[in-house]
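Read through the structure below, which is laid out as structure tokens, and then see the notes.
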Amino acid sequence: MPKTRRQAYDAAYKLAAIDLAVEKGNRAAAQQIGVNESMIRRWRKQRGELVKCKKSTKAFRGCKARWPQLEKEMEDWVSTQREDGRGVSTVQLRLKARTIATRLKIDDFKGGQSWCCRFLRRKGLSLRARTTLCQQLPPDFHEKMMSFRNYAQEQVAENLIGPQNIINMDEVPLTFH
């Protein structure tokens with residue numbers, strides 16, 4: 001018997017299979033779409049979750065949060081840190097999580113590196129550098145710009161520099177004639 005490749009079906013496909021199973025029965029629907037009857041039964045049990053999830057979701061992968069209240073507070077804390085323009089590191093995440101766990105009287109929470117990675121993945125967060133900060137122009141920017149422009153024009157007039165003698169200094173010519 002040839003090996004069959006495992007398939008992943010999205011939520012929209014599973015819901016269509018459930019509708020077919022309701023109409024024709026589990027066994028007939030399974031034969032028509034080419035899956036096991038047990039899969040149809042399992043999908044029918046998951047109907048409530050399948051209706052709520054995104055239609056392109058292929059499976060309910062990963063473990064659910066063991067401490068949902070802790071993770072909700074952590075997610076809120078991370079979002080406030082980012083709104084204030086502060087970066088967040090894994091060390092900060094773990095320390096804050098332990099503080100919240102103590103406040104919530106969660107005794108068996110360790111807050112290790114693996115928990116931190118799983119938390120970030122579950123919540124769709126990533127650690128990244130701040131990108132909203134930029135170099136600020138000095139308050140007298142326009143005065144300095146006009147001063148330099150006037151100085152350059154005076155030097156061009158004083159030294160009789162023509163347009164053919166002006167080059168862009170960040171470019172290196174390929175040939176010299």
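Values below: all heavy atoms of this structure, side chains included; hydrogens, waters and symmetry mates excluded.
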* Structure fact -> Output for pair (I40 CD1, L20 CG), nearest 0.5 Å, gives 7.5 Å
* Rounded to the nearest 0.5 Å, how far apart are CD of Q69 and CE of M74? -> 12.5 Å
* Asked: Quick one: does L15's side chain get under 4.5 Å of K55's, heavy atoms only?
  -> yes
* Asked: Would you call R47 and D19 a side-chain contact if the rule is heavy atoms closer than 4.5 Å?
  -> yes
* Asked: Between R82 and L125, is any pair of side-chain heavy atoms under 4.5 Å apart?
  -> yes
* **Atom pair SG/CD of C53 and Q46 - distance to nearest 0.5 Å** => 9.0 Å
* **Distance, nearest 0.5 Å, that separates CG of N159 from CD of E154** => 11.0 Å
* Asked: Are Q153 and R149 side-chain neighbours, meaning at least one heavy-atom pair lies under 4.5 Å?
  -> yes
Listed pairs under 3.5 Å, donor-acceptor, residues 104-116 side chains, sequence neighbours left out:
| residue | atom | partner | partner atom | Å |
| --- | --- | --- | --- | --- |
| D108 | OD2 | R66 | NH2 | 2.8 |
| Q113 | OE1 | R94 | NH1 | 3.3 |
| S114 | OG | R118 | NH1 | 3.4 |
| W115 | NE1 | E71 | OE2 | 3.4 |

* Hey, could you give me each pair passing ring-ring contact (aromatic ring centres under 6.0 Å, His included) that has a residue in residues 70-97? Not counting sequence neighbours. => none
* Using the test side chain to side chain contact (heavy atoms under 4.5 Å, CB included), find all partners of R103 that sit at least two apart in sequence or belong to another chain. => E73, I100
* To do: Please list, chain by chain and in numerical order, all residues satisfying side-chain hydrogen bond (donor to acceptor under 3.5 Å, both in side chains) with R44, sequence neighbours excluded.
  => N26
* Asked: Where does the angle between the aromatic ring planes of Y151 and F148 fall among parallel (under 30°), tilted (30 to 60°) and perpendicular (over 60°)?
  -> tilted
* If you measure from NZ on K45 to CD1 on I18, what distance do you get to the nearest 0.5 Å? -> 12.5 Å
* Structure fact -> Members sharing L95's hydrophobic cluster, built from side-chain contacts under 4.5 Å between Ile, Leu, Val, Met, Phe, Trp and Tyr, are V91
* Taking the side chain from N165 and the backbone from I161, do they hold a donor-acceptor pair closer than 3.5 Å? -> no
* Just by distance, do the side chain of T102 and the backbone of R98 share a donor-acceptor pair under 3.5 Å? -> yes
* Asked: At their closest point, which heavy atom of L50 faces which heavy atom of W43, and how far apart are they?
  -> CD1-O, 3.8 Å
* Step by step, would you call L127 with L93 a side-chain contact (heavy atoms from CB on, under 4.5 Å)? -> CA-CA 10 Å; L127 298 177; L93 279 173; 4.2 Å; yes
* Pair D10 + K14, salt bridge at N-O below 4.0 Å -> no
* Asked: Any side-chain heavy atom of L120 within less than 4.5 Å of one from V78?
  -> no
* To do: Output every pair passing salt bridge (charged side-chain N to carboxylate O under 4.0 Å, His left out) with a member in residues 25-42, not counting sequence neighbours, ordered by first then second residue.
  => R27-E37, E37-R41
